[in-house]
Structure formats: structure tokens, C-alpha cells
2 protein chains.
Amino acid sequence: MTRYADLADDLTDAIRRGALRPGERLPSVRQACASRGVSASTVFQAYDLLEARGLIESRPRSGFFVRAPQSGVAAEPMATMPVGDTTEVAIADLVMQVLGSTRDRDVVPLGSAFPSPRLFPLADLARSGARSMRALDPDRLVEDLSAGNERLRHQIARRQTLAGIAVDPDEIVITHGAMEALDLCLRLLTRPGDIVAVESPTFYAALQALERHGLRAVEVATDPRDGVDPDALAAVLARHRVAACWLMPNFQNPLGSLMPVERKRAVVALLARHGVPLIEDDVYGELHFGATRPPPAKAFDEAGGVLHCTSFSKCLAPGYRVGWVSAGQHAPALRRLKTMTSLATAVPSQLAIAEYLVQGGFDRHLRQLRRRLEVQQQAMRAGIERHFPVGTRVSRPQGGYFLWLELPEGADALALHRQALACSISIAPGPLFSADHRLRRGLRLNFGHPPEDTRIAGALETLGQLAGRTGISAAR
Amino acid sequence: MTRYADLADDLTDAIRRGALRPGERLPSVRQACASRGVSASTVFQAYDLLEARGLIESRPRSGFFVRAPQSGVAAEPMATMPVGDTTEVAIADLVMQVLGSTRDRDVVPLGSAFPSPRLFPLADLARSGARSMRALDPDRLVEDLSAGNERLRHQIARRQTLAGIAVDPDEIVITHGAMEALDLCLRLLTRPGDIVAVESPTFYAALQALERHGLRAVEVATDPRDGVDPDALAAVLARHRVAACWLMPNFQNPLGSLMPVERKRAVVALLARHGVPLIEDDVYGELHFGATRPPPAKAFDEAGGVLHCTSFSKCLAPGYRVGWVSAGQHAPALRRLKTMTSLATAVPSQLAIAEYLVQGGFDRHLRQLRRRLEVQQQAMRAGIERHFPVGTRVSRPQGGYFLWLELPEGADALALHRQALACSISIAPGPLFSADHRLRRGLRLNFGHPPEDTRIAGALETLGQLAGRTGISAAR
């Protein structure tokens, strides 16, 4: 199951490091079989995957070759370099203004935060929900309040333990999606006026939460491939008294960056030395294209300072509003806060998911979903390479469903957003992701909508043309 | 359908006013038929209902007589007289400490805030949920975000219009229960440090919300029968700069008071004159024992200053976490706040309830539920009269599922709570319901658990004995 993926990952790495260069021929299937001790079909599967990733191409009767970037677009964006000051957050107006109109069916949802609901096993979930609600013990309606349904917590604990975080069901607090998880953690760990360290760029919903709680943000340099920079974080911690840190180590929104294990370990240790708790948002962790699920930072938490937040909204059950916090020592206080704030998470949603997990099929669904997202990423990257102006940089995330673009000098993503919306296309412009509204050339595009949505290819062409014009007019 | 209830209500009123006094004979069935122009069976039904209410008794071959109070317990509690200062709220610790252990199956849940889940049509809801999730259009999962499911909002608007508040579906914001509704309204209308006027006593969850938002409470004198006193409210408004008012005009928690229509009208007008918005919590409005649903204060709102909050949790679907705000002009701002805070309400819950409402059967369920609650109230009042010490006062609410007791001089409800819990009985002591922890002799008991729970009678006997001892020992 994982051999071909291992091989593909090794080759991907070699291509990215430059050990295999554009135009270079890959080992023949026979050579690869011999050197890796695997079957020919394993090699073919690996090469198929590399082709789907857009890294290699097959030439008839010649073999497989590393693909040359087709335009000046293929480079990845640069790591951000925020100035390191703390900022009062006031992002909500901009977010609502920009995203208010993106839920219209007639708008191509490239700016959406959600993947297509059609990628999820909604019929299976409906069946699980029906079965579990038929069998509901009414008294559980009261007993499951606040901490969440016991069966669901057991299922989650089992999965998390398999994924490398040993969690007791009693440490898990079920929440109304990951947004409530974040909200509760901030309430628990901060007071108004406190400073919270976040990635640059940061998911706007986290910025909105900081704004709501009267918190100040300090943004930390973040690499589109490897995530937050431990040295930059150390500098921020030395300079500011930080009350908490909020990070997405796995497939960060919007960058798609994945922190290597060593970075995760370094960041967790650094925060522990400073006594700063880490609120880890891991909602995209299951959407990895590589063979194995990347561990969350929580897996390296020896001091108990990491609150691991995630949800089923992005990987299984959008709209069900079921998330959770693995809160360790903070669990009793979080549970209490949850009871006071929203009493409980909706029982029908919890039971449907618990029953689905018990029945099995989640892993099969995840494998399909990851494969589809990887293929969709490739299609969107190809469209961007074809249509966007030279000098555009685009991320190459190994999971999730977002691409992060950096438009050429002089571009203005907010202007592009307005022009695109006039063409019934939504995008998520960079300033949404920064407390001080920088990142004017940044752009998040959602590739979570399947190619059956034929409007997407045309939308990329239109966007590319608009982006080209914007760059030129701004440069004049 | 309503004739017998009208007759019963008129007679109830006459008995409460003292126009018909204990021991007095009611009109014979024949007299009543003639004077009201109704059939004999209507009169019999009305007299049955009065008997269930514990107001009259039939004596063989003599007719029906107004029942004498069996002990010194029958008097209703006095109206509260808060001092009128504003108070910083710090109630959360006490609430959690007292209520933390009340969800255990082995504890008799007289302190619970929830009626028995067995009173609700859970099987019908499960069927509606299964049907609606099978038929789900996946795209609705995104389109229904924030404002809530369109079909559900239409059903709610229809019901509300029938109940006397003409509401457009677009003014309705679906929330994660009434608790989120209250939370969003407070966020919208207040800033930390602001003053909010509340009833005395007040539901502790509202006090917790004030605490969470850093708000100060000012408590207003409230009568156990007629609710908040408009003159006392006027005095508070004259003395303090109040940012918002939070009231439960229908079957207040914990008093059970029902504001007469004139009081509602007066309070709404008074608040409008002062430009103070009213957050109206109407979660018990459907649980009326009288013939018609009492109108919410919103029905008298000409200036658009009332935000009407309610939910399905107490009348149809506990654990589903579906509430809403009829927010009028505030709807767009509330919708936006909802999106930023919790994104959306769980879709399976919304669809199950929408489908249930479309199918019909809600009114039939409500009629049964009201009748059962009324009978259960009577049973609990009888137990209290039998077992509690002389001098105990107990409310006689016309809806909901709470009784409010005032124990004799010297009693200490917090001590009683500890003693009762040692006997596996929970109660909700008065200090939970006051920002300044007064109401030491107050006590809320839940009669929402059906007589099939045979532990209840014994629990009342135990409680009465404990209360008697407490009073005596405190008086010594």
C-alpha cells in the first residue's frame, strides 16, 4: 500500500532538491525495481503519482523525464518577513466585505474556504445518522452535555492514538467545529490586551477571533513549504511577552505549508521553554498527499503545553459542526467553559459521526479524497502556469486544498478581487490573511472543487488575464 | 378545543383573585352550562382541569368546591426587592460547583435545568432527520451557512406570524441554541463594563454570559406571578445608564412568572423611550397551561428595539441545539457576528426540525406536553405541601417546568443543596440566580420529570425533612 508512495515521495524530494533536474531522465522501471527491490507495478504506480503531481512526464518509447516548468510561474513563493511588531487586529470588516458574496451558486468559488461538499460521503453519513438516532437512549441527551458523546470521544481517541498522539477520551472536549475550539482555547489562555503569536499569513478566522477577544497579533515569518520559522519565533518570544501561540503546522491555511518533524519538535520545545501554550489547529492534517499522516505538533509535546484542535468539517462531514480539542490538563477547564458558552454540541451530528466511524469506511473515503485533491491541485496548477503572468509564484502544498500565489511586483490582490467578482469569480486576496493588511500581492485559491465544475478552467483563464493587466497597469 | 380551557382559566383567575374562596361551592354543571352557553361535557372538562391544577375538589353527591390549602405552604413567594446597585458578576464558580454533579443518572434531577428527554417526540424527529438528510442537496451545506437553513426559517416565520409576531424569514438568524442567541445579542449591543438590567432572580446562564463579557448586572424587582415590575425598571433606568435589558417575560426561569400583556406593553414602551434594547428570552413560551400561547414582548415592539430569542430545546428537540433570534433591523449585523463566531448551526439538526415542522404534528405534541407538565406540576406541589415546613412559599406558574420556593426564615438553600446531594437529590439553590448571591432562602425545583420516575415522591419527602431541620437548626 505505501511502497509506491514512499518511492514517489523520495523522487519528489530529489526533484525539489535539484538532485534530479528538469529534462533529466528518471531511472527505467527495470533499474528502479532492482535498486529499490520492488515490483514493476509499484514503480509504475509511483511514476503515475509523480505524473499526477505534475513533476514528470512520460515520452513514448523514451521513458519518464523530469518536467520543465512551462512558464515563469512554477517557482514557489518566498517566505514572509513580517516586521515583528504587535498589531491591534481589525480585519472583520474587510473579511465580510470580500467574502460576503462568495456563497452564491453562480460565483466560481475559488475564494471559498470550503471544498466541494460533493467530495464527502454524505449518503453514508445520513444512513449512520438515521441508524444512531433510531437507537438513541433519551437519557444520553442530558448525560452527553458539554464533554460530548462518549462513544464519539472513544472513537476519536482510538484514531488519535493510531496517529501518534496517545489521548484519553476524558481529555477530549467535543466542540461546535474547530472555530469553537479555537475560541474556547483563547478564552481559557488569554485576557484582553494579551499578545498572540501567529503565522504570516494567518487564516482570517483566527485573526477575527483575536479581534473579538481584544488580543494583539504578532506575526512570525513563515515559509510556504516548511511553515513557521523557529528562529523567527524565538526572536518574537525574546522581544514580546506572548500569552499564546496559534499555529497550523499541517497544511497551513492559506500557505499549505507542512512543518517538517524537526521544526515541529523545535517549536514545541521553544514554546515550552518560554512557558507559552500552543493552540494547534490541525483541521487539514488528514488531507495529506504523502503516504502517511504527518504527526501534529502535539505528538512532540512533553510538557503538556499543546492544545490540539481539529474537526471533521474538512475531511468527513461539512456542515455537521463537530470538532474537538485534545486538551490534556486543560480539559476540565475547557469543558466548563464549553458548558457555559454553548452548553453542548448538537447530538444528531455527534451520533452520526460516531456511528460512521464505528461502521468503518472512513479510511477508504480519506484515500479517495486525498487522491482527488492531489489531482485537482495539479489541474489548477497547470491552469495557473498556462494563464498567469510571468513572475507569478505559486505554492506546491503536499496536502489540503489551497494554493497560495504571489503575483508579480505592482499587483494588487484586492483590486483583482473586485475585478474577478465582476466576472462572477471569487478569490481570497492576501490582505485578508494579515493583521496589518500587508500581503497585497498574495492570493489564496481553492482547488477543492472537482473538474466536473467546468467553470473552473475558464475562471483561471479570466483571472490570469486580469492579473496580467493589473500588474501592467500598476507598473506603469 | 379551547372553550373548556377558557372556562377553566376564568375560574382559576376567580379563585386566585379571591372571588371564589376556599371551601366555596362552584356553580353546578347545569348552572355553568346555562351561564356560559356551553355543553355539559365542556364544563366537566374544565372542572377536571381545575382539579388537576389542585384548585378544586369534587365531593361525592355535593359538587365541586374550592380547595383549601392543605398546609401553610400554599402561599406564593413575595416579589423580590433587589437593592438596585450594579454588581460585577462572578457566578460561574458557584454554578459549576453546584450543578457539576447533577447529570448523574443516580441523582434525582430536581435541580436540573432540563425536562425529561422522554417527553419529546424523539422517534418522529429521528425519522424526519433521516428523510431530510437522504434528500439533502450538498450545495445547501455551504449556502445555508450563517443565516441558517431557508426552509427552517420559513417554517419559523410562519409559526411566529400565527403567534402574533409578523417576522420575515430574512430577519431570522438560526443559532446554536438560545444560549448562542443571547451571547450574540450581548456581543452586538454591549461593550465590557456596560450595565445590563435583568430580573431578580435571573437564570444563571444569563449571569454567566454577563460575567464572560465583563458586564455589570443591575437586578430589577420581579414578582413570582406577574414578572418584572415596570415601576422598578423605570427607577433603575433613571438611576443607571443601562446598555441592554435581558428578560424572560413568559414563564421566567426560575420564577415561572408570566408578565400580563399590559406589563409587557409598558416595559417595551419604557425601554423604547430610554433607547434601551430588550433581549427577550422566550424559550418557555410554548409551554403554557392556559388555552393560548402568551404573546412575547416582541409583539408590542413598535420601535424595533426587541430582539426575540428562543429555541426548540425546551419544547421539541433537546440536544439538537437549534435556536434563533428574530432580530429585525439587527439581523445583518447578527448574521455577520454568527459567521465569525461559530460559522453555522449544525445542518442535520436544522433539517430534522424543518422536516418535522413541514410534516405537522408539532401542535399535537405541544398539547400533550403542556398537559403532562401541568399534571406534573400539580403532583410536585402536592408533595411540597405535604412534606415541606410550614412557612414555605411556592410559586404557581401557568407554564414551564420550574417551581420557585421560598423557605422559612433562617433556611439556607446552599446548605440544603449539600445535604440533598448527599442523599442523591439535586436542587438549584437561590444564590445561583442572583449576581450578588442573595436569595439564600430561594430554591428552584424541576417538575419536568414524569411520575414514572418513582424516586421523585421520595425525594420530595427527604427534601422537606431536610428543609425542616435546616430551618430549625438555623433558627436556634
Side-chain angles (χ1 to χ4, degrees), chain A residues 92 95-96 99-100 103-105 109 112 114 116-118 120 122-123 125-127 129-134 136 138-146 176-177 179-180 183 187 192 205 208-209 211-212 214 313 317-322 336-337 339-349 352, chain B residues 92 95-96 99-100 103-105 109 112 114 116-118 120 122-123 125-127 129-134 136 138-146 176-177 179-180 183 187 192 205 208-209 211-212 214 313 317-322 336-337 339-349 352:
Chain A
V95 171
M96 281 299 156
L99 298 182
R103 283 177 195 149
D104 194 325
R105 266 176 208 230
S112 169
F114 314 102
S116 166
R118 296 174 186 277
F120 299 94
L122 300 178
L125 279 167
R127 269 190 295 275
R131 197 159 39 224
S132 58
M133 289 305 282
R134 259 201 317 271
L136 171 69
D139 292 329
R140 289 228 74 92
L141 282 171
V142 172
E143 283 169 353
D144 283 343
L145 290 174
S146 59
H176 184 69
M179 271 178 84
E180 191 189 42
D183 207 74
R187 271 191 194 168
Q208 289 175 317
E211 179 174 351
R212 214 160 52 228
S313 301
Y320 277 61
R321 310 304 299 130
V322 177
R336 180 186 139 150
L337 213 49
T339 309
M340 287 196 305
T341 318
S342 72
L343 192 60
T345 301
V347 170
S349 291
Chain B
V95 171
M96 281 297 157
L99 298 182
R103 282 175 196 152
D104 194 326
R105 267 180 208 229
S112 169
F114 314 102
S116 166
R118 295 174 188 279
F120 298 93
L122 300 178
L125 278 167
R127 269 190 294 275
R131 196 160 41 226
S132 59
M133 288 306 281
R134 256 199 323 270
L136 172 69
D139 292 329
R140 289 228 75 91
L141 282 171
V142 173
E143 284 171 352
D144 282 343
L145 290 174
S146 61
H176 183 70
M179 271 178 84
E180 192 187 44
D183 207 73
R187 273 194 192 165
Q208 290 174 318
E211 179 173 353
R212 214 160 52 228
S313 302
Y320 278 61
R321 312 301 300 131
V322 177
R336 179 186 140 149
L337 214 48
T339 309
M340 288 195 304
T341 317
S342 72
L343 192 60
T345 301
V347 170
S349 292

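Letters go in sequence order (proteins before strands), and every chain restarts at 1. Heavy atoms only: backbone and side chains are in, while hydrogens, waters and symmetry mates are out.
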query: How far apart are the closest heavy atoms of B/Asp183 and A/Arg187, and which atoms are they?
result: OD2-NH2, 4.0 Å
All side-chain contact (heavy atoms from CB on, under 4.5 Å) counterparts of A/Ala92, not counting sequence neighbours: A/Gln208, A/Glu211, B/Arg336, B/Met340
CZ-CG distance between A/Arg212 and B/Leu337, expressed to the nearest 0.5 angstrom: 7.5 Å
query: Which distance, rounded to the nearest 0.5 Å, do you find between the CZ of B/Arg134 and the CZ of A/Arg127?
result: 9.5 Å
field: Interchain contact, A/Ala344 with chain B, by part (heavy-atom threshold 4.5 Å)
entry: both
statement: Among A/Ala130, A/Ala126, A/Ser342, A/Gly129, the residue with the most heavy-atom pairs under 4.5 Å to chain B is A/Ser342
- request: Specify which of A/Val347, A/Leu122, A/Thr341, A/Val322 makes the most heavy-atom pairs with chain B at under 4.5 Å.
  value: A/Thr341
statement: Smallest heavy-atom separation, A/Thr339 atom then B/Met179 atom, equals O-CE, 3.5 Å
message: Can you list everything that forms a side-chain contact (heavy atoms from CB on, under 4.5 Å) with A/Ala346? Sequence neighbours excluded, please.
response: A/Pro348, A/Ser349, B/Arg321, B/Ala346, B/Ser349
- request: Please answer whether the main-chain N or O of B/Thr345 pairs with a side-chain N or O of A/His176 as donor and acceptor at a distance below 3.5 Å.
  value: no
message: Which heavy atom of B/Gly319 sits nearest to which heavy atom of A/Leu141, and what is that distance?
response: CA-CD2, 4.0 Å
B/Met133 side, atom CE; A/Met133 side, atom CE - distance, nearest 0.5 Å: 11.5 Å
